[in-house]
Asker: 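The structure is given below, and queries will be raised subsequently.
In what follows, chains are A, B, ... by sequence order, proteins preceding strands, each numbered from 1.
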Protein chains: 2
Amino acid sequence: MELSEAIFGLVHAVRNNMKQEIKLLSIDLAPMHLKSLKVISIIDNCTGQKLADFMGRDKAQINRLIKELVSQELITKIDNENDKRSHLLKLSIKGDKIIELFKIAEKRVFNKMANDISPEKIDDFIQLTQILQSNLNPKSIE
Amino acid sequence: MELSEAIFGLVHAVRNNMKQEIKLLSIDLAPMHLKSLKVISIIDNCTGQKLADFMGRDKAQINRLIKELVSQELITKIDNENDKRSHLLKLSIKGDKIIELFKIAEKRVFNKMANDISPEKIDDFIQLTQILQSNLNPKSIE
DNA sequence: AAAATTAGTTGACATTATCAACCAAAATAA
DNA sequence: TTATTTTGGTTGATAATGTCAACTAATTTT
C-alpha cells in the first residue's frame, strides 16, 4: 500500500469519528466556527490575518466569521498595541469551554485509535510524523 | 507532543501542499468535483449513494455534483443491472486523465515528504497507520 | 514625505451544503 | 402474494461557506 493511500485512509477515518464525537457531545457550532475557534486557541496572539493564512481562506470570509464569533461571545477582540490596524483574538470563557469539549472528543477518538499500541511505538510514530511534516513545511531562508 | 497534534499538523501540511500542487498543474476543477472524481475512481461500482456515504454529504448535493460531472463528460452513468433505481458511476477517459494528473500532484507531495526516510521506516509507518485506521473503523458484527 | 504594502471591512456574487417532499424500485413483513 | 417499509435518486427552496474587487486606515519602504 502507498503512503498516500494509508494517510488518506487514516485521515478519513479520523474525520468521520471526530464528526461523530462532536455530534455526541452536541457541540452546537458550525464546522467552520469550531475550526476557527480551535485555530485561535492554538496560534499565539492570533489576528484575523493569521487566522486567514492558517486556514487558507479569504480574509473577507474570515472577517465575517470573526464577527459572528464575537457576537456569539465566543471570542473577544483586543486592541493590538503593536499594530493599531489589527486586533488580537482571544477565546472567552464560553469559547474556552467549547474548546475543552472539543478536546474531549479528540481524546476519545485518539484513545480508540491508539490504546492498543505501545507508547514507544506511538512515540516513534509521532517523531516520524513530525519529520514528514517538516519536510513539507516551507523552509525559511536564513 | 500529542498524537492528535502531530497528525493534525501533518494533515494540515499535506493539505496545503496538495492545494499548491493542484494549482501548479492547473487542474481546473472545483475542489468538490475533484474529490468526487477521486472517490469514484477508488470505490468499486460506485453509485450516488455510496459516494454520498463516503463523502459524508447530503445526497441532494451529491446528485447535483454527479449531474455536473456528467455534463462535463468526466463520468458516465451506467445502468445498474442489480438495482434499477441506481446507476454505476464510471470515469470517462477525460475524467481518468484528471485523476492521473491528481496522482502526479500526490506523488510530488509524498516524495517531498518522505524521500529522505528509509523504505523500511516508511513501511512500518504505513503498517501502523493501517492498524490505527482499523481501530477507528466500525467493526462489522459477524 | 511619497509610494507601496498590509490588516481589516464591506458589497456583490459564486459555490457548496442541507432539508423536506416526492417517485419508483427493492426489500421486508403480513 | 399483497401490503408496508426502506432505499436510491431527483427536485425546489434555502442556508452556510467561500471568493473577488473596491475601499479605508495604519504601517513599512523608498
Asker: How close or far is atom P of D:dA25 from atom NE2 of A:His87, stated in whole angstroms?
Answerer: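 After rounding, the gap between these two atoms is 14 Å.
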
Asker: Mark yes or no for a side-chain to base donor-acceptor pair under 3.5 Å between A:Arg64 and C:dG11, with no hydrogen or angle criteria applied.
Answerer: yes

Asker: Should we say atom NZ of B:Lys97 is surrounded by more than 12 heavy atoms from elsewhere, each under 6.0 Å from it?
Answerer: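 Open: at most 12 neighbouring heavy atoms sit under 6.0 Å from NZ of B:Lys97.
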
Asker: Can you measure B:Leu69 atom CG to D:dG9 atom C1' for me and round it to whole angstrom units?
Answerer: 16 Å

Asker: Rounded to whole angstroms, how far apart are CD1 on B:Ile62 and P on D:dG9?
Answerer: 11 Å

Asker: What distance do A:Lys38 atom NZ and A:Leu91 atom CG have between them, rounded to the nearest 0.5 Å?
Answerer: 12.5 Å

Asker: Got a sec: does the NZ of A:Lys84 have more than 12 other heavy atoms crowding it under 6.0 Å?
Answerer: no

Asker: Any side-chain heavy atom of B:Phe110 sitting closer than 4.5 Å to one from A:Ile7?
Answerer: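 They are in side-chain contact.
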
Asker: Mark yes or no for a side-chain to base donor-acceptor pair under 3.5 Å between B:Arg85 and D:dT10, with no hydrogen or angle criteria applied.
Answerer: no

Asker: Could you check how far CG of B:Leu34 sits from C1' of C:dT16, rounded to whole Å?
Answerer: 15 Å

Asker: Phosphate oxygens OP1/OP2 of D:dT10: is one of them under 4.0 Å from a side-chain N or O of B:Lys77?
Answerer: yes

Asker: Under 4.0 Å between a side-chain N or O of A:Lys35 and OP1 or OP2 of D:dA16?
Answerer: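 No, A:Lys35 has no side-chain N/O under 4.0 Å of OP1/OP2 on D:dA16.
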
Asker: Take the protein atom NZ of A:Lys59 and the nucleotide atom C1' of C:dT5, then report the distance between them rounded to whole Å.
Answerer: 10 Å

Asker: Check every atom of D:dA26, D:dG9, D:dT19 against the side chain of B:Ser86 and return the nucleotide holding the closest atom.
Answerer: D:dG9

Asker: For the pair made of NZ in A:Lys19 and C1' in C:dA17, what is the distance, rounded to whole Å?
Answerer: 10 Å

Asker: Just verifying a value: how many Å separate B:Leu34 CG and B:Ile99 CD1, rounded to the nearest 0.5 Å?
Answerer: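 Nearest 0.5 Å value for the CG-CD1 distance: 6.0 Å.
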
Asker: Regarding B:Ala30, tell me which of base, sugar-phosphate or nothing describes its non-hydrogen contacts under 4.0 Å with the strands shown.
Answerer: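 Sugar-phosphate contact only.
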
Asker: Report yes if a side-chain nitrogen or oxygen of A:Lys67 is closer than 4.0 Å to either non-bridging phosphate oxygen (OP1 or OP2) of C:dT10; otherwise report no.
Answerer: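 For C:dT10, OP1 or OP2 has a side-chain N or O of A:Lys67 closer than 4.0 Å.
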
Asker: Name the closest nucleotide to the A:Gln49 side chain, picking from C:dG8, C:dA26, D:dA21.
Answerer: C:dG8

Asker: On DNA chain D, does the nearest nucleotide to A:Asn80 precede the nearest nucleotide to A:Glu68 from the 5' side, or the other way round? Give the residue.
Answerer: A:Glu68

Asker: Is the number of heavy atoms from other residues, nucleotides or ligands within 6.0 Å of CG (A:Asp28) greater than 12?
Answerer: no

Asker: Does the D:dT17 base have a donor-acceptor partner in the side chain of B:Arg57 within less than 3.5 Å?
Answerer: no

Asker: Counting side-chain heavy atoms from C-beta on, which of C:dA20, D:dG8, C:dT10 comes nearest to A:Asn63?
Answerer: C:dT10

Asker: Specify the separation, in whole Å, of atom CG of B:Leu65 and atom P of C:dT18.
Answerer: 12 Å

Asker: Among D:dA16, D:dT11, C:dA25, which is the nearest nucleotide to the side chain of B:Lys84?
Answerer: C:dA25

Asker: What's the closest nucleotide to the side chain of A:Gln61 if the choices are D:dT17, D:dA21, D:dT10?
Answerer: D:dT17

Asker: Could you state the NZ-P distance from B:Lys50 to D:dG9, rounded to the nearest angstrom?
Answerer: 10 Å

